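In what follows, a single structure is set out as structure tokens and then discussed.
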Protein chains: 4
Amino acid sequence: MTDRFTPTKADHFSFGLWTVGWGGKDLFGDPTRRPLDPVDAVHHLAALGAWGVTFHDDDVVAFGSDDPSREATIKRFRSALDETGTAVPMITTNLFTHPVFKEGAFTANDRSVRRFALRKTLRNLDLAAELGAQTFVMWGGREGAESDAAKDVRVALDRYKEAVDLLCEYVRSKGYNLRFALEPKPNEPRGDIFLPTIGHALSFIYQLEHPEMVGLNPEVGHENMACLNMVHGVAQALWAGKLFHIDLNGQHGPRYDQDLRFASADVKSAFFLVDLLETAGYDGPRHFDFKPPRAEGTEGVWVSAAGCMRNYLVLREKARAFRADPEVQEAMAAAGWPSLATPTLGPGETLAELLADRSAYEDFDPAGAGLREVNIERLDQLALDHILGVR
Amino acid sequence: MTDRFTPTKADHFSFGLWTVGWGGKDLFGDPTRRPLDPVDAVHHLAALGAWGVTFHDDDVVAFGSDDPSREATIKRFRSALDETGTAVPMITTNLFTHPVFKEGAFTANDRSVRRFALRKTLRNLDLAAELGAQTFVMWGGREGAESDAAKDVRVALDRYKEAVDLLCEYVRSKGYNLRFALEPKPNEPRGDIFLPTIGHALSFIYQLEHPEMVGLNPEVGHENMACLNMVHGVAQALWAGKLFHIDLNGQHGPRYDQDLRFASADVKSAFFLVDLLETAGYDGPRHFDFKPPRAEGTEGVWVSAAGCMRNYLVLREKARAFRADPEVQEAMAAAGWPSLATPTLGPGETLAELLADRSAYEDFDPAGAGLREVNIERLDQLALDHILGVR
Amino acid sequence: MTDRFTPTKADHFSFGLWTVGWGGKDLFGDPTRRPLDPVDAVHHLAALGAWGVTFHDDDVVAFGSDDPSREATIKRFRSALDETGTAVPMITTNLFTHPVFKEGAFTANDRSVRRFALRKTLRNLDLAAELGAQTFVMWGGREGAESDAAKDVRVALDRYKEAVDLLCEYVRSKGYNLRFALEPKPNEPRGDIFLPTIGHALSFIYQLEHPEMVGLNPEVGHENMACLNMVHGVAQALWAGKLFHIDLNGQHGPRYDQDLRFASADVKSAFFLVDLLETAGYDGPRHFDFKPPRAEGTEGVWVSAAGCMRNYLVLREKARAFRADPEVQEAMAAAGWPSLATPTLGPGETLAELLADRSAYEDFDPAGAGLREVNIERLDQLALDHILGVR
Amino acid sequence: MTDRFTPTKADHFSFGLWTVGWGGKDLFGDPTRRPLDPVDAVHHLAALGAWGVTFHDDDVVAFGSDDPSREATIKRFRSALDETGTAVPMITTNLFTHPVFKEGAFTANDRSVRRFALRKTLRNLDLAAELGAQTFVMWGGREGAESDAAKDVRVALDRYKEAVDLLCEYVRSKGYNLRFALEPKPNEPRGDIFLPTIGHALSFIYQLEHPEMVGLNPEVGHENMACLNMVHGVAQALWAGKLFHIDLNGQHGPRYDQDLRFASADVKSAFFLVDLLETAGYDGPRHFDFKPPRAEGTEGVWVSAAGCMRNYLVLREKARAFRADPEVQEAMAAAGWPSLATPTLGPGETLAELLADRSAYEDFDPAGAGLREVNIERLDQLALDHILGVR
């Protein structure tokens with residue numbers, strides 16, 4: 001492995017403990033790997049060059065633990081963080097594994113379940129603050145339905161909003177330095193999940209009491225499951241100022257949630273995603289939410305984790321070379337990038353002036369413009385040449 | 001055909017002229033039907049029971065017509081409307097057929113194309129106002145890209161916003177009683193279209209200068225192309241107060257845009273969509289944006305159009321019977337509909353009180369709650385029995 | 001519930017023990033229901049009107065059981081079958097749950113795993129014969145890969161063929177009255193599964209030593225996961241004489257494997273599937289391979305199972321009424337069903353005569369034929385009216 | 001551009017005339033490019049390094065041309081072939097553009113249409129033989145239906161078989177050196193097309209009178225539209241000895257037929273496809289069936305065409321380097337490639353011996369085997385490193 005692709009803490013790579021810690025249990029199979037101690041995971045990831053780890057409450061402390069055992073576990077875990085200098089930039093709450101959440105958490109038809117879900121989350125907000133996390137991700141994996149008869153979605157959204165508003169209120173009342181990031185997903189494990197895409201989650205935010213506290217945590221695979229372009233989605237989130245966090249992995253279109261190693265599925269889209277994050281000045285974690293394939297043994301887990309980081313660094317180098325390539329710059333100009341950045345109305349131009357501009361309509365030659373070269377295939381091939389390393 | 005399923009103007013069914021007027025030209029084939037005179041279309045639709053027609057500028061007046069011939073054409077068209085008492089509740093602009101828009105209209109990299117697109121739309125806003133339309137739909141079918149190298153999506157969204165803001169400003173300056181409805185679509189004819197789903201379009205609105213003037217025109221098939229649940233999407237649009245218009249048709253999941261006869265693809269989802277529209281008090285047009293299959297002859301066109309309306313009325317009757325069925329009401333209660341409608345916090349309950357409520361967490365029995373009956377399969381089967389007419 | 005939709009053994013409905021027995025464990029969640037004793041499942045299903053049960057070896061006898069405990073378990077299970085008069089028309093082997101099969105069974109790169117998989121299956125063939133099963137289903141759920149680097153697919157197919165040929169040889173050598181039915185699935189739990197569709201599995205059969213012993217067990221949801229039309233696929237299997245068994249359930253297009261209650265997802269396709277099975281004279285089991293949604297409690301399981309059978313009976317009645325309806329028959333004639341059943345060449349007509357027939361080409365009027373009515377929308381709407389119960 | 005990626009005739013690259021000749025007409029838009037003279041296309045492609053061209057009858061000679069004008073056109077076209085030394089390895093018949101085929105060609109419900117389709121194809125077989133084509137592709141783009149009520153699929157397959165059998169008979173009677181290659185596609189322009197995937201088409205062949213004369217022409221995009229793995233599909237076709245021809249392009253999963261430039265969509269899959277073709281010794285044409293994006297002007301067409309060939313050559317070089325890399329070879333061994341190539345039964349081993357081998361079952365340790373390393377992630381990352389050019 002070439003040195004320049006070896007990660008350092010400055011690269012801000014983080015991993016969910018549930019990623020390398022996934023034992024391989026799936027709908028059709030039992031675990032193939034022995035349980036991984038979170039403390040070992042922290043040491044291993046740090047050794048590979050990771051900067052941070054993230055987790056659900058239950059990843060570190062077993063569901064239903066009492067306070068003393070919870071504190072002991074957390075203390076031991078903090079030691080590992082301290083020893084390795086590992087950050088905890090993000091924490092989240094597991095509202096999907098336990099049967100109690102089988103019909104939803106914040107939007108469960110059963111009110112007592114909703115109250116329990118709120119309490120479980122509130123408890124975890126304290127831990128997030130204590131560990132210095134700045135982002136609190138909310139993936140509502142069980143908020144949804146298999147049948148359109150299950151509930152009135154408008155009412156479910158009322159309850160969803162009620163929950164997020166309460167959590168925001170709590171963070172404000174405590175003065176925590178925490179922002180929320182909603183993670184959209186179209187389906188699985190529910191037939192249809194609420195807030196299924198970047199767009200749906202983004203629009204939900206504007207109905208909240210404190211929209212400024214809530215942003216997004218988009219995931220490559222989740223958008224691909226809805227046949228959507230991840231680069232476009234992340235660009236729209238950035239445009240709205242709402243890319244608070246990101247989940248990097250890979251997925252082959254609409255099928256079960258694959259959580260493949262970053263960049264191992266759609267290489268070209270991964271290139272443009274890295275290019276976007278780097279050129280947009282995104283300064284949050286590069287967070288990998290993947291699953292080492294169930295077939296792999298323990299060694300394979302770390303090969304897979306290391307691959308995620310390596311691929312990001314390779315693509316980052318390529319994205320920088322692409323942008324710096326004079327021929328690319330010339331091709332971008334020929335394709336009209338600068339023109340798109342120029343407002344459609346001139347400086348100070350009014351609507352009346354546009355209407356009076358005969359060159360814009362009466363004297364415009366649409367047929368001629370319809371024959372123009374757009375030069376995008378050329379630019380796309382240049383990008384592909386950079387990706388393939390043949391320039 | 002049973003009488004009670006014969007439509008009347010009170011049902012507010014409208015059709016795009018481009019639907020029954022589609023000649024059958026597709027990517028792989030030449031037209032199979034002779035051109036349909038818009039005046040004939042109006043008469044035919046009115047005879048079938050339709051209440052309104054909608055159109056793109058170019059559906060009625062050929063692209064590039066000069067003012068006198070345009071006025072003559074419109075005058076003749078108005079006569080047909082008047083004779084038949086047909087409304088024009090919605091108008092839209094064709095920014096996708098002509099080669100000039102091949103690389104986009106409001107977001108084309110070429111600035112002169114963007115200016116032309118604005119002028120073409122502004123001209124059409126006057127016509128919309130003149131004909132009494134209340135909704136102006138904007139489907140940006142060419143706003144998108146096949147390659148992620150084509151443009152910076154954030155900059156494209158700047159231009160999209162600039163265009164919509166200008167159109168809103170124009171409508172305000174003219175005092176027109178017009179609202180805009182964005183129509184999302186994930187792809188086709190572009191590789192990826194901007195504002196690909198209900199969610200993406202909805203969130204875009206909150207970045208505009210006049211969000212109150214802009215809502216949505218979701219289409220069944222377009223959401224299905226992204227593997228998304230149309231009923232959930234429309235519910236979220238209603239929840240946000242943004243369902244300004246709706247396109248009813250049918251589609252078999254992610255593939256080319258099929259525009260099948262309403263309710264002929266996913267019968268059960270069509271039932272729940274009608275149920276939602278009727279119970280939510282949606283009072284806009286029931287607009288069919290379908291294509292009679294290319295194989296059909298002229299008679300088949302009208303059979304197909306009539307089927308759209310019939311199916312809506314059949315499902316409306318079924319939805320009402322479903323809601324009125326005492327066993328359904330009992331099953332809804334058992335499934336927890338009333339509980340979901342009850343806020344999670346009690347009246348006046350504070351966060352501190354929730355935190356102090358031991359019954360919500362410390363004394364709550366998650367294992368027991370995990371075993372509870374949720375009764376959704378029962379309710380779903382009752383709905384299916386109503387759909388199938390076996391109750 | 002109307003009496004005529006109550007199933008009897010004559011309806012030949014069978015259920016996998018793993019269907020009603022699914023405890024709700026999924027990739028993201030723990031079980032929500034207590035384990036179901038297979039003996040209880042048999043009694044419950046018989047009481048609901050089921051005719052048969054099917055199972056994987058491990059559904060009845062725990063993986064790795066020794067012979068005495070295996071025999072005791074089977075004996076107790078047989079008593080339940082005898083008491084209830086329940087048939088065991090099909091048996092299958094679980095080659096996917098245990099970690100040993102994580103990288104495949106018959107096509108695992110590890111030869112010792114392949115040998116173990118063969119032995120496990122051979123052992124189960126004896127049980128199948130002993131219990132009178134006539135069909136042995138093979139779903140190769142772990143035969144596949146996440147990476148195209150994993151193996152040479154051609155070599156994997158050599159091993160797959162070797163395995164099936166050996167199993168056929170064993171059945172022949174023992175004189176068992178057993179046929180094999182391959183069950184295709186495109187993906188999940190593997191990234192891509194070998195023999196992903198009805199077509200791929202069907203074509204594989206013709207490479208075997210004993211193609212006459214091997215047919216298909218198509219599943220509704222599996223074809224839908226590949227965006228394919230189940231009715232078309234089953235028709236092709238019937239056409240090839242290879243529909244040996246069938247798995248009925250429901251699925252909303254390409255996403256995770258949903259295994260919904262039969263007919264609860266795509267109602268119209270379910271109608272045409274039942275119509276096909278009934279008109280084609282398919283006389284095998286109507287086997288439900290579904291999963292009661294994880295959210296449901298124990299009662300919900302049986303509601304869901306009962307719904308599968310009810311829906312089949314409702315659709316069967318509708319299919320018969322559809323075929324018997326004189327207007328449908330007239331519409332079928334108008335749509336050209338009889339014409340399609342007429343060979344394209346006349347009785348005894350030679351190729352030379354076709355070439356000499358000027359009416360077939362030189363004097364044929366393609367433009368006129370291009371304008372003909374095909375009458376399919378009308379027929380489709382009649383079918384929909386029957387489905388909806390409004391005729 | 002590096003020299004070693006400049007194509008020569010020895011690379012056997014061929015293009016459909018309809019690819020570079022596509023004017024940009026789509027369902028939503030008029031043509032954006034001027035018609036391309038087939039003679040110009042031949043010269044242009046030859047200059048770029050192409051070896052052959054392919055076409056539908058109507059691409060070269062207008063539908064319905066009389067014999068003299070047809071012959072004159074063909075003569076002029078042959079001159080261009082001769083001047084440039086361009087081969088015509090494949091010809092096909094257009095049975096989808098003209099309205100007469102709107103409801104099918106070989107499977108149209110209307111018998112006179114089926115007879116016309118046969119005659120049109122027979123006429124074209126003579127031309128294929130005359131021009132020295134060795135492969136005759138059959139894409140049944142209109143063979144299918146939007147409604148399951150349209151026809152009995154089993155009867156449609158009878159007609160399909162009748163047609164293919166007749167065409168085979170004709171070729172045999174004439175002594176032409178021609179093989180047929182069926183091109184599967186799941187949908188578009190029909191709702192569902194018959195023989196939708198590689199598997200379905202392959203299995204159909206075994207029902208024909210002369211299976212040895214018929215093989216496949218799989219297309220990257222068509223398999224991707226059904227969420228299927230193209231590499232797996234082509235491997236199965238090769239395994240069956242049925243890869244007669246191949247269509248190379250790109251597609252982003254299930255959506256409208258995109259026909260993108262080869263390797264521009266799924267780079268990694270394109271790498272493994274080239275690797276498969278090269279290692280399997282496939283010696284047929286490398287045929288590009290793509291569409292230069294509608295937005296591109298005339299120059300863009302040739303950039304796009306050149307990119308198809310360049311990408312193949314780049315990936316071929318990478319595939320060779322991958323196979324030659326000692327670390328890759330070692331990783332393949334570690335992943336078990338040689339083990340998979342070893343039959344599961346030993347040389348001469350009988351079933352009885354397998355049953356008696358206690359090491360295969362009784363003494364085998366499945367738990368231990370379940371924990372083994374499979375080393376596929378490592379191999380996959382090595383492949384990715386080769387693709388990205390960082391090894």
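Source: prediction; values computed, not measured. Here is the naming used below: chain letters follow the sequence lines, and residue numbers restart at 1 for every chain.
A donor-acceptor pair shorter than 3.5 Å cannot be found between the side chains of Tyr160(B) and Asp165(B). Between Asp266(A) and Asn224(A), the side chains place no donor N or O within less than 3.5 Å of an acceptor N or O (distance only, hydrogens not considered).
Interface remark: of the candidates Ala149(B), Pro99(B), Gly336(B), Ala149(B) forms the most heavy-atom pairs closer than 4.5 Å to chain A. Chosen from Ala145(A), Ala383(A), Pro343(A), the residue pairing most often with chain B at heavy-atom distances under 4.5 Å is Pro343(A). Contact count versus chain A (heavy atoms, under 4.5 Å) is highest, among Val234(B), Thr197(B), Asn187(B), Ile205(B), for Thr197(B). Your options are Leu371(A), Leu273(A), Ile376(A), and the one with the most heavy-atom pairs under 4.5 Å with chain B is Ile376(A). Per-residue heavy-atom pair counts under 4.5 Å with chain A were compared for Glu349(B), Glu146(B), Glu377(B), and the maximum is reached by Glu349(B). Most heavy-atom pairs under 4.5 Å with chain A: of the set Thr344(B), Asn375(B), Asn109(B), this distinction falls to Thr344(B). For chain B, the option among Thr279(A), Leu345(A), Leu228(A), Val231(A) with the highest count of heavy-atom pairs below 4.5 Å is Leu345(A). Considering only heavy-atom pairs separated by less than 4.5 Å from chain B, the leading option among Asp158(A), Thr107(A), Leu118(A), Ile198(A) is Asp158(A). The most heavy-atom pairs under 4.5 Å with chain B, out of Pro211(A), Ser112(A), Ala331(A), Gly104(A), come from Ser112(A). Contact tally against chain A (heavy-atom pairs below 4.5 Å) for Met332(B), Glu362(B), His232(B): the top residue is His232(B). Ranked by heavy-atom pairs under 4.5 Å with chain B, the first of Val328(A), Asp192(A), Leu166(A) is Asp192(A). Contact count versus chain A (heavy atoms, under 4.5 Å) is highest, among Asp148(B), Leu202(B), Val100(B), for Asp148(B).
Proximity to chain A is limited to the side chain of Gln207(B), based on heavy atoms less than 4.5 angstrom apart. The parts of Ala280(A) that come within reach of chain B are both its backbone and its side chain, each placing non-hydrogen atoms under 4.5 angstrom from that chain. If you measure heavy-atom distances from Leu276(B) to chain A, the contacts under 4.5 Å come from the side chain alone. When heavy atoms are compared at a cutoff of 4.5 Å, His98(B) approaches chain A solely by way of its side chain, counted from C-beta outward. Contacts between Ala352(B) and chain A at a heavy-atom distance below 4.5 Å are absent for every atom of the residue. Within the 4.5 angstrom heavy-atom criterion, only backbone atoms of Met225(B) (N, CA, C, O) approach chain A. Both the backbone and the side chain of Tyr170(B) come within contact range of chain A, judged by heavy atoms closer than 4.5 Å. Residue Phe272(B) touches chain A through its side chain alone, counting heavy-atom pairs closer than 4.5 Å. At a 4.5 Å heavy-atom cutoff, the contact between Glu162(A) and chain B is made by side-chain atoms alone. Of the two parts of Pro366(B), the backbone and the side chain both hold a non-hydrogen atom closer than 4.5 Å to a non-hydrogen atom of chain A. Neither the backbone nor the side chain of Lys242(B) comes within contact range of chain A; no heavy atom of the residue lies under 4.5 Å from a heavy atom of that chain. Heavy-atom distances place both the backbone and the side chain of Ala156(B) under 4.5 Å from chain A. Both the backbone and the side chain of Asp357(B) come within less than 4.5 Å of a heavy atom in chain A. For a residue to count as touching a neighbouring chain, one of its non-hydrogen atoms must lie under 4.5 Å from one of that chain's; by this rule Lys102(B) touches chain A with the side chain only. Both the backbone and the side chain of Leu354(B) come within less than 4.5 Å of a heavy atom in chain A. With a threshold of 4.5 angstrom between heavy atoms, Tyr361(A) approaches chain B through its backbone and through its side chain. When heavy atoms are compared at a cutoff of 4.5 Å, Phe101(B) does not approach chain A at all.
Classification of Lys185(B) and Glu223(B) as a salt-bridged pair fails, no side-chain N sitting under 4.0 Å from a carboxylate O. Of the charged side-chain nitrogens involved, at least one lies within less than 4.0 Å of a carboxylate oxygen, so that Lys120(A) and Asp58(A) count as a salt-bridged pair. For Lys268(A) and Asp380(A), the salt-bridge test passes: some basic side-chain N is under 4.0 Å from an acidic carboxylate O.
In this structure, Arg154(B) contributes its side chain and Leu238(A) its backbone to no donor-acceptor pair below 3.5 Å. The main-chain N or O of Val374(B) is never found under 3.5 Å from a side-chain atom of Glu103(A) such that the two would form a donor-acceptor pair. For Arg159(A) (side chain) and Leu340(B) (main-chain N/O), a donor-acceptor pair under 3.5 Å exists by modelled atom type. Using a distance-only test at 3.5 Å, with no hydrogens or angles considered, a donor-acceptor pair links the side chain of Arg190(B) to the main chain of Arg142(B). Using modelled atom types, no side-chain atom of Gln381(B) and backbone atom of Arg378(B) make a donor-acceptor pair closer than 3.5 Å. Side chain of Arg372(A) to main chain of Ala369(A): a donor-acceptor pair is present (N/O by atom type, distance under 3.5 Å, no hydrogens or angles).
For the atom pair CD (Gln236(A)) and CG (Leu195(B)), the distance works out to 6.0 Å, reported to the nearest 0.5 Å. Expressed to the nearest 0.5 Å, how far CG of Leu355(A) lies from CZ of Arg123(B) amounts to 12.0 Å.
Taking the six-membered ring for Trp and the full ring otherwise, Phe322(A) and Phe271(A) have centroids separated by under 6.0 Å.
The shortest side-chain heavy-atom distance between Thr97(A) and Phe63(A) does not fall under the 4.5 Å cut-off. Residues Cys227(A) and Pro254(A) form a side-chain contact, since some pair of their non-hydrogen atoms from C-beta on lies under 4.5 Å apart.
Annotation: Arg172(A), atom CZ; neighbour count of heavy atoms from other residues, nucleotides and ligands within 6.0 Å does not exceed 12.
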